[in-house]
Amino acid sequence: MKMRKLSALLAASALLLALASACGQGQSSNPSTPVSHAPNTAVPAPSTGFGPADGASITTNGGEVIALSALEHQSADGSAVYYLSDITPEAMVAVYEALEWSPTGKVAVKLSTGEPPNSNYLRPELIKDVVQGVDGTIVENNTAYSGSRAETAMHYQVAKDHGFNDIADVVILDETAPCPCL
């Protein structure tokens, strides 16, 4: 049961962090349809597909307004889907607190420290309060492709350059075996 809750928390956190990363950059996964979000709207969307409250919407960079109620939210297991347009440290904490669960023991926060010169990674100032609130250790793996994160020493340098060492300990999981964080 504990493992199931931990898995659910990690999955929800990863989804939240990925959503915040894309939203915080004002970009979507499809560069041809970038999306910006209306400020100060955090809406739990029911998983029934009906969407959030009437009138809530997003506006694309091209000016197109899309009603959130028109977006499809599906969940086979009845899980809540959260929409977060207020991309701030305070909103990140509020969404984490909405989980109504706190981890015990050692906590790993898996994220991407970013591949230079790209800027597609969570900003440390955005996630600092959540990471420190769970006394987390930021964990990453070296990449299988060439680049600044393919080798451990350079990977640690990228994490430092991007400010992750300023908010928490950072461990590259495949630096040694077994993992030093376990």
Side-chain angles (χ1 to χ4, degrees), residues 1-29 35-59 66-69 71-114 119-141 159 162-171 173 179 181-182:
M1 186 68 166
K2 280 186 178 182
M3 188 56 119
R4 188 174 187 177
K5 283 185 178 181
L6 180 59
S7 296
L9 174 64
L10 291 175
S13 298
L15 178 61
L16 172 65
L17 295 175
L19 172 65
S21 176
C23 293
Q25 298 300 314
Q27 300 170 352
S28 69
S29 60
V35 177
S36 63
H37 301 278
N40 302 320
T41 307
V43 182
S47 59
T48 60
F50 294 110
D54 291 339
S57 64
I58 59 174
T59 304
I66 301 170
L68 292 180
S69 60
L71 300 176
E72 191 172 320
H73 296 87
Q74 295 182 359
S75 175
D77 65 356
S79 300
V81 176
Y82 292 93
Y83 169 76
L84 177 69
S85 64
D86 180 21
I87 310 300
T88 64
E90 296 80 14
M92 295 291 289
V93 169
V95 170
Y96 171 74
E97 289 174 348
L99 296 173
E100 297 180 347
W101 182 81
S102 295
T104 58
K106 295 182 180 183
V107 178
V109 179
K110 172 64 176 95
L111 51 80
S112 172
T113 55
S119 61
N120 299 327
Y121 59 91
L122 290 170
R123 299 297 183 264
E125 58 272 12
L126 179 66
I127 62 170
K128 175 183 176 181
D129 294 338
V130 173
V131 172
Q132 291 180 350
V134 297
D135 195 23
T137 297
I138 294 173
V139 298
E140 255 264 62
N141 294 81
H162 289 169
F164 291 102
N165 296 66
D166 296 336
I167 67 167
D169 290 335
V170 175
V171 174
L173 294 175
C179 171
C181 62
L182 298 177

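In what follows, every heavy atom counts, from backbone to side chain, and hydrogens, waters and symmetry copies are set aside. Keep in mind it's a predicted model, so treat the numbers as computed, not measured. Numbering of residues begins at 1 and proceeds along the displayed sequence.
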Spatial distance of atom [atom1] ([X]) from atom [atom2] ([Y]) [nearest 0.5 Å]:
| X | Y | atom1 | atom2 | value |
| --- | --- | --- | --- | --- |
| L173 | N141 | CG | CG | 5.0 Å |
| Y121 | I127 | OH | CD1 | 11.0 Å |
| L126 | E90 | CG | CD | 9.5 Å |
| S102 | E100 | OG | CD | 10.0 Å |
| I167 | R123 | CD1 | CZ | 12.5 Å |

Where is the tightest heavy-atom contact between [X] and [Y], given as atom of each residue plus distance?
| X | Y | result |
| --- | --- | --- |
| A168 | G136 | CB-O, 3.6 Å |
| N165 | V170 | OD1-CG2, 4.0 Å |
| P89 | E125 | CG-O, 3.3 Å |

**Any I138 side-chain heavy atom under 4.5 Å of L111 side chain** =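 I138 vs L111: side chains touch.
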